[in-house]
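All ligand and atom numbering here is 1-based and tracks the order in the structure. Because the structure is predicted, anything quoted here is derived from the model rather than measured.
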Amino acid sequence: MKRILLSSPHMSGNEQNYIKDAFDTNWIAPLGPNVDQFEKDIAAYAGVKGASVTSSGTGAIHLALDILGVGQGDSVFCSSFTFIASANPALYLGAELTFIDSETDTWNMSPKALEHALSDAKKANQLPKAIIVVNLYGQSAQMDELLEIANHFHVPIVEDAAESLGADYKGKKSGTLGKIGIYSFNGNKIITTSGGGVLISDDEEIVAKSHFLATQARDQAPHYQHSVVGYNYRMSNILAGVGIAQLQVLDDRVARRREIFETYYQELSSIEGIDFMPELENTKSNRWLSALTVDPTIIQLNPYEIMDKMNEVNIETRALWKPLHLQPLFKNNKFYSNNQSEKATSTLLFERGLCVPSGSNMSDEELTRVIKQLQNILRGC
Ligand SMILES: *Cc1c(COP(=O)(O)O)cnc(C)c1O
């Protein structure tokens, strides 16, 4: 039986036209008409003033932190429950990371834990230069609450919306609530350019600075002149062509992923011990990955045992992100839990959760196959 993947690229067919344009006009470079159009299209879609496309989402986070003045010895706060790419750029800049736990309504940054961390930092006269808030699996964090706290301490938020492109938060596009937002177009994301990312902001100066830094920080001069450290982080004009066509079908992709989540929910939520990732009121997740948790006191299986059983029938599933405060790389970093006594919320979710196939190109037959297997495994047949 054909392997069913977690999330694979889903082309519309129209991408080839923009790639052909790039070849026909010989714009085979990290600049050109496709890049300009893709940036305009993303800014229009998100409803922000500007966008700066990059070679990866990680690169966009790196640029965002650099623009906010993060440097050697500075402090940066980051969601613990996320992929390593959210945090690595702070290390590139020599900053110290402090990790913030999740809350249970969105699985994202806990406002309570953030407030605790910021109060402590203020007392120690070590407020962070930036807070990286991640919107996991397509669900926006509690941005109103997080922004109120961050604004109180005058610390800017970078929204890592790599996974939440196309999702909404109270009528706004996810990724547009912080001072800077980033999306990723990596191959497994809801839309893709094979690899790529973008920095978005309502502050045009920030977007201009991103373009400048991503182009080796080249000063305006008749020769090559440089006053600050820059990067080579621009997106290829060929890949931007893929992005233009992908963005045109983003809303369809969101609709299909939400439909897949709904189907899982209808078919599996009646099994005792199974819970699904919640969706916060007045928000719309893009359901990039359908995620569920298994209560070990009711179902005697951990996520790895379920993953192994699914693998035997050629279906890919995956554990939730291992929280960064549990990573060997960060064993000496500070962490603020959402809970006083018991385990951290992100730790509990990690121990119980898994992601199931969610690709928008999955057929109804494949979805049924996944559901049947999950029913068998979780009901213990
Ligand atoms: C994918 C991802 C990134 C990084 O994006 P790349 O384009 O792969 O560099 C950052 N943060 C999160 C949460 C992601 O899932």
S.K.: Would you verify whether the NZ or CZ of R218 falls within 45 degrees of the ring axis of F212 while also being under 6.0 Å from that six-membered ring's centre?
M.R.: no

S.K.: Shared ILVMFWY cluster between L147 and L127, side chains joined below 4.5 angstrom?
M.R.: yes

S.K.: To the nearest 0.5 Å, what is the distance between NE2 (H10) and OG (S360)?
M.R.: 5.0 Å

S.K.: Taking non-hydrogen atoms within less than 4.0 Å of ligand 1, which protein residues qualify?
M.R.: S56, G57, T58, T82, F83, A85, S86, V134, D160, A162, E163, S184, N186, K189, G196

S.K.: Which residues pass the salt bridge (Lys or Arg N to Asp or Glu O under 4.0 Å) test with E96, not counting sequence neighbours?
M.R.: none

S.K.: Side chain to side chain contact (heavy atoms under 4.5 Å, CB included) for M310 and V370? Distances and angles first, verdict last.
M.R.: CA-CA 8 Å; M310 293 297 279; V370 177; 4.0 Å; yes

S.K.: Under the criterion side-chain contact (heavy atoms from CB on, under 4.5 Å), which of V242, I238, L239, N186 is the partner of S194?
M.R.: L239

